[in-house]
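Read the structure below first, then the notes.
Labels below follow one simple rule: chain letters A, B, ... track the order of the sequence lines, proteins then strands, and each chain is numbered from 1. For the numbers below, each heavy atom of this structure counts, side chains included, while hydrogens, waters and symmetry mates do not.
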Amino acid sequence: MSTLIDILLLSLMGITALAAVRMKSLFGAVMLTGIFSLLSALWFLILDAVDVSFTEAAVGAGISTVLMLGTLSLTKSEEKTSNHSQIIPLFVVFVTGGVLIYGTLDMPDFADPLAPIHTHVAPHYIEKSGAEIGVPNIVTSVLASYRGFDTLGEVTVIFTAGVGVLLLLGIGRRREDGDE
Amino acid sequence: MTHHFILRVITKLLIPLILLFALYVQFHGDFGPGGGFQAGVIIAAALVLYALVFGLNTASAVIKEWVLLVLIPLGVLIYAGVGVASLLLGGNYLDYNVLAHDPVHGQHLGILLVELGVGMTVAAVLTTIFFAFAGRGHRDANGNLLPHSALSDEIRNRKDGQP
Amino acid sequence: MMFFVTVIALFPAMFLALGRAIVGPTLYDRVLAVNSFGTFTVLMIAVLGFMTDQTDFVDIALTYALINFIGTIAVLKFFVVGDFGYEEQRDQ
Amino acid sequence: MPPLSAIVKPTTTNHQGILTISTGPTSDNRWLHAISLALTMAVIWFLLSGHTEPLILGLGAASILSITWLALRMDLIDREGHPIHLTFRAPMFWVWLGWEIVKSNLQVMKIILYPKLPISPRMFRVPVSQKTDIGRVLYANSITLTPGTISLRVNEHDIEVHALTQAGEDGLKDGKMDRLVTNVEGEQ
Amino acid sequence: MIAHLPALQIVLPLIAAPLCVLLRTTRLVWLLAFAVTVASFGIAVELYSQVLQYGVISYAMGGWAPPIGIEYRVDQFNALMLILITAVATVVLLFARTSVAKEVDQRRQPLFWAAWLLCFTGLLGIVITGDAFNVFVFLEVSSLSTYALIACARDRRAITSAYQYLIMGTIGATFILIGIGLLYMLTGTLNMADLAARLPGVTESRTLKTAFVFIVVGCSLKLALFPLHLWMPNAYAYAPSAVTAFIAATATKVAIYVMLRFFFTIFGADFSFGAMPLGQVLMVLSVIAMFSGSLVAIYEQNVKRMLAYSSVAQIGYITLGISLATTTGLAAGMLHLFNHAMIKAALFMAMGAVVYRLGSCRLDQMAGLAKQMPWTMAAFVAGGLSLIGVPLTTGFVSKWYLVNAAFDAGWTIIPVAILGSSLLAVIYIWKVVETAYMRLPPADQKPVQEAPLALLIPLWIMVAANFFFGIQGNLLWQSVLQAARQLSGEI
Amino acid sequence: MINFLSWVLLLSGCFCVLISAIGLIRMPDLFTRMHAAGVGDTLGAILVIAGLMLQAGPTLLLAKLVLIMFFLLFTGPTACHALAKAALAGGEKPLLDDNNQ
Amino acid sequence: MNWVTHYNYWIVILLMMLGFYTIIARGNLVKKIIGLNIFQTSVFVLFISMGKIPGGVAPILRDDPTTIYSNPLPHVLILTAIVVGVATTALGLALVVRINEAYGTIEEDEIHEQDRFF
């Protein structure tokens with residue numbers, strides 16, 4: 001029964017992405033990207049990824065959209081038509097997509113409980129985290145403890161982004177002298 | 001048109017609630033969905049809302065630049081510092097078991113601190129990034145700020161390209 | 001079952017709102033459509049939570065209700081002022 | 001922590017927003033409002049959390065304190081930011097408003113479904129009798145909440161309204177909603 | 001504490017970066033960065049000696065045993081890589097202080113050093129980790145900081161090239177992420193050793209082949225293998241000189257390291273070179289890269305850009321060695337990886353010294369420069385000789401072993417290609433030498449002084465390293481050969 | 001009984017939402033569309049959430065649902081109002097009935 | 001192999017390729033970032049699809065011991081990847097702002113045009 005929801009959601013996502021890609025108005029495209037990440041948040045929910053969905057809803061639909069609007073407000077909100085040849089990009093995209101589809105042919109079936117990822121490392125987290133960490137949310141246990149170092153890296157990434165943006169733009173209060 | 005008090009009143013009403021919800025998310029990441037990152041994003045969203053409605057100057061008077069610049073590294077330092085603490089207490093890096101007498105307690109304490117660091121850095125970084133974008137203003141190639149009146153009509157009165 | 005029906009029934013509305021967001025014609029129409037779409041999504045998230053018996057989803061619905069508002073305000077600021085930082089002086 | 005008076009500057013000119021925003025009323029009793037805000041937040045925190053371990057409660061208390069402090073600093077706390085005084089008179093109004101919402105919703109739905117789309121959009125102004133901003137906000141938002149009428153521009157004296165039909169216009173112009181909101185707002 | 005060295009290797013610079021933001025004084029920040037870099041170098045050397053003594057070191061982050069938690073794993077190859085990165089970073093950092101003070105806006109410098117340290121952390125993290133996903137995380141740390149570092153230059157083209165690099169780099173990283181995801185899907189684990197143990201069961205899977213292709217393409221984007229190198233020349237040419245020297249010597253090398261790690265440790269040589277036509281494809285691309293890079297370099301007027309194109313060619317040598325699919329070939333490729341890092345660091349530092357005085361490194365402005373900056377140009381010539389592969393320089397050693405390996409593997413055409421490409425290198429290096437030594441300076445140009453000692457000393461340290469390892473050719477070769485044997489599973 | 005009631009509420013809520021979306025498509029201009037969108041934002045949301053509340057029973061979940069409703073009811077009209085105002089400021093002219101003026 | 005179960009993967013690949021196409025084919029710098037976002041989000045969807053188990057619930061421990069949980073590891077990885085994505089987006093947009101200041105345009109062609117004569 002959730003197959004129907006799957007298909008409906010995925011087709012919504014497809015339409016949104018297609019429209020976002022085709023749209024000349026950058027503003028419209030940004031809005032549609034917001035919708036797209038919102039839909040993917042819904043899709044994550046259906047796949048039981050509550051935390052991911054939470055993050056995607058907050059980041060994709062919130063912060064990313066605001067930042068993109070901030071950029072558009074400083075630049076231009078209309079895309080120009082380019083007269084590039086589209087053949088090479090199309091070729092690259094088709095080859096990449098083809099390789100990926102070739103790869104899906106031997107993938108474990110969608111939601112197959114016997115797939116390797118459900119039998120190898122993950123059971124440890126599910127079975128032992130209650131006793132070892134004592135935190136109900138397994139995602140938090142894995143994120144902060146079992147793979148805590150990844151999360152340290154993640155914080156470092158966001159810190160890097162902060163440093164980078166500060167390096168590029170300077171902070172906050174507008175200064176009348178440029179900070180080139 | 002001089003008063004946009006609806007937005008102001010509603011924002012005043014909402015911001016404490018949003019912040020409260022964010023901190024709830026921060027501290028209940030153990031039990032349900034959420035955690036430091038999500039909380040940080042929501043806090044940043046609340047501050048962005050404040051800056052949008054009350055103006056960037058007001059916002060950066062409330063949340064000073066130096067505060068943000070302290071919070072950003074502090075979060076990372078808290079996270080990395082928990083790891084160093086566990087090193088000093090004789091465990092491996094980021095081994096929270098040694099932080100308290102009882103491993104489960106240690107884990108709990110470690111996760112709490114670590115998530116706090118994450119939330120701090122994320123909230124501060126995202127707010128800073130927004131301030132940086134909003135405070136940038138329109139500049140010419142030499143980096144000089146253009147006054148609002150010098151902006152092209154295209155920017156001042158945005159119209160959609162679609163018919 | 002009842003939640004499932006509700007979820008499915010919400011989809012046509014989402015399709016229509018998406019259509020409005022794609023078609024426009026003005027920017028404001030898009031914003032309106034996105035805003036409505038957001039509301040529908042909040043409802044759908046809440047219903048999905050009940051459908052799969054995972055009521056933690058309500059937290060996400062709450063988050064999204066907040067984020068949606070902030071996004072809309074950002075868009076409006078973007079329209080009216082054209083810049084997030086400039087103080088508004090135009091309207092007297 | 002420096003004294004609050006040093007942190008919280010009276011912001012008379014700083015409130016600028018999406019369109020220029022006037023300053024709110026200077027608060028009559030900031031501390032009282034802060035305490036009641038904190039109490040309200042405590043209730044909400046408990047409703048959200050439901051955990052009674054000392055750790056979580058302590059964190060909750062810390063959160064509430066820091067938010068209250070930040071809210072003071074942001075100058076959010078005054079009669080408008082935390083309109084606790086409205087709640088006592090409000091319930092009857094909410095019930096009435098709920099009924100209005102249902103009625104007007106049904107009307108608008110009927111219009112949408114009607115094949116010929118019998119709309120006659122119009123703009124007009126209705127006078128405002130509330131004395132405070134928060135009262136006007138309540139009125140304007142109530143107008144918007146009932147589909148069929150949207151408040152467009154609001155000032156001290158009147159609200160510009162966009163209505164979908166003649167009926168919507170008439171319903172507003174009889175002034176009942178205005179009176180009720182003023183009633184809720186109470187004397188200043 | 002000795003047992004925790006693998007963690008400290010990363011954690012020291014990682015903690016220093018936020019401290020830099022807190023300190024906010026350029027002098028202090030630089031001192032901190034330098035202290036940390038030197039300490040990292042010490043740790044890397046100690047780690048290498050431990051690896052030689054006790055074999056592979058495994059360190060469980062958070063105390064969780066490997067497939068459950070994240071593992072740090074140091075073997076001979078990555079211990080050597082750690083030494084390379086930290087050593088280059090130390091020398092370049094000495095150089096960078098003066099160079100950056102001139103090329104980067106004063107107010108940005110504290111943050112600049114923070115970003116530098118982050119880049120350093122990221123590179124070290126990629127090399128030391130034994131977890132596939134952790135590679136991606138640290139790859140992004142280093143990439144994001146590199147984009148910011150490149151954009152710090154005053155030239156506006158630096159910003160566009162940083163953007164271009166960002167787009168290409170992110171595509172590359174996302175490809176690697178897809179590849180890792182597919183691997184995870186097939187095996188259920190992210191730990192490299194565990195992956196290696198579990199992959200042989202699924203070698204027939206088409207998904208595995210797809211994963212392989214994506215990882216190869218992703219890494220190739222990052223390491224600027226021939227058709228995917230388009231981001232590199234601009235990024236190198238317009239970045240601040242010190243940044244160019246640093247990333248040219250380390251970032252691409254680390255990408256090669258990642259590729260080798262995936263080829264040999266995870267997929268295994270049998271799969272990479274047996275089941276997939278990697279050797280052939282890589283060889284063709286390498287040879288094309290060697291020639292096209294060198295040819296373009298000949299016509300380049302901006303010397304930094306010229307050197308960047310030369311890097312494309314030199315990376316061709318490295319991948320050529322790998323594509324031979326023999327242990328000696330691999331070792332020769334790896335040796336060239338190390339040598340090329342030294343050569344390019346020296347050359348880009350020489351150019352940095354030129355930019356410091358001239359403000360530019362275009363050929364037409366460098367006419368007659370050798371009289372005014374004799375030491376700098378001499379260093380350039382020395383580096384150039386090493387690049388060409390003249391005996392007694394390290395460039396010669398690696399090409400020698402490369403040719404030998406090619407003969408051993410039965411390819412007689414390869415040595416010819418190597419020779420031909422080296423001749424092209426002679427041409428472009430000669431162009432610079434001729435301009436600097438034989439032409440007269442343009443009449444309207446103000447005479448410039450020799451670069452300050454703060455620039456010359458690190459520059460000559462690097463040049464000296466080139467000659468030292470050229471003369472003591474066997475020293476590095478033996479270590480690299482051991483590492484290659486370990487990597488390909490012979491010992 | 002409660003189940004039946006929440007069926008009714010949920011379905012009528014969906015119906016409202018659907019009508020609102022149809023209105024979003026059918027209405028001729030921005031301002032009239034806002035009215036249509038209002039249907040989904042108010043009654044639709046109220047009904048659906050009320051239906052869920054009945055299912056939740058007197059738990060903390062109920063409080064969260066109330067909070068969601070509260071947010072929607074406060075932010076919806078505000079956003080709508082701000083949008084209308086921005087549109088007017090941006091030069092959008094509402095389509096008006098001729099015999100009105 | 002069952003085509004219904006792979007339908008999900010194919011749609012996701014389609015989405016990925018739409019994003020990828022936008023990155024490499026469009027000349028507008030903001031549009032490229034939008035494409036990057038779509039591309040990365042689709043990759044996340046692919047990852048999360050792996051973790052699903054039929055009848056599973058979100059990996060938050062419950063008292064009932066018979067509960068089946070979905071695989072938490074992909075969720076953790078994607079959380080990190082989302083953060084990386086937003087960091088990249090922010091940095092990319094900051095670069096776009098600077099490019100616009102320096103060149104007065106955010107179209108790739110026009111930028112190349114301006115740089116040609118250096």
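Shortest non-hydrogen contact noted between A:Ser73 and A:Gly70 is OG-O, 2.7 Å.
By the 4.5 Å heavy-atom criterion applied to side chains, C:Phe57 and A:Ser53 are not counted as neighbours. Put simply, the side chain of A:Thr160 reaches to within 4.5 Å of the side chain of A:Thr156, judged on heavy atoms. Looking only at side-chain heavy atoms (C-beta outward), A:Val95 and A:Phe91 come within less than 4.5 Å of each other. Between C:Asn35 and C:Val75, every side-chain heavy-atom pair lies at or beyond the 4.5 Å cut-off.
By the neighbour-count criterion of 12 heavy atoms within 6.0 Å, atom CD1 of A:Ile88 is sparsely surrounded, having that number or fewer from other residues, nucleotides or ligands.
Heavy-atom proximity under 4.5 angstrom to chain C picks out A:Met31, A:Leu32, A:Ile35, A:Leu38, A:Leu39, A:Leu42 from residues 29-44 of chain A. Interface residues of residues 125-133 of chain A toward chain C, defined by a heavy-atom distance below 4.5 Å: none. Residues of residues 134-147 of chain A placed with any heavy atom under 4.5 Å of a heavy atom in chain C are absent; none qualify.
In this structure, A:Ile46 CD1 and A:Leu10 CG are separated by 8.5 Å, a value rounded to the nearest 0.5 Å. Atom CE of C:Met14 and atom OG1 of A:Thr16 lie 9.0 Å apart (nearest 0.5 Å). Rounded to the nearest 0.5 angstrom, A:Phe27 CZ and A:Leu72 CG are separated by 8.5 Å. The distance from the CD1 atom of C:Ile60 to the CG atom of A:Leu45 is 4.5 Å, given to the nearest 0.5 Å. Atom CG of residue C:Leu48 and atom CZ of residue C:Phe3 lie 11.0 Å apart, to the nearest 0.5 angstrom. A:Ile101 contributes atom CD1, which lies 9.5 Å from atom CZ of A:Phe94 (distance to the nearest 0.5 angstrom).
Within the 4.5 angstrom heavy-atom criterion, only side-chain atoms of C:Phe11, from C-beta onward, approach chain A. Both the backbone and the side chain of C:Ile45 have a heavy atom closer than 4.5 Å to some heavy atom of chain A.
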Donor-acceptor pairs under 3.5 angstrom involving side-chain atoms of residues 59-67 of chain A: please list them, not counting sequence neighbours.
residue: A:Thr65; atom: OG1; partner: A:Gly60; partner atom: O; Å: 3.1
residue: A:Thr65; atom: OG1; partner: A:Ala61; partner atom: O; Å: 3.0

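Of the possible polar contacts, one joining the C:Thr26 side chain to the C:Asp29 backbone as a donor-acceptor pair under 3.5 Å is found.
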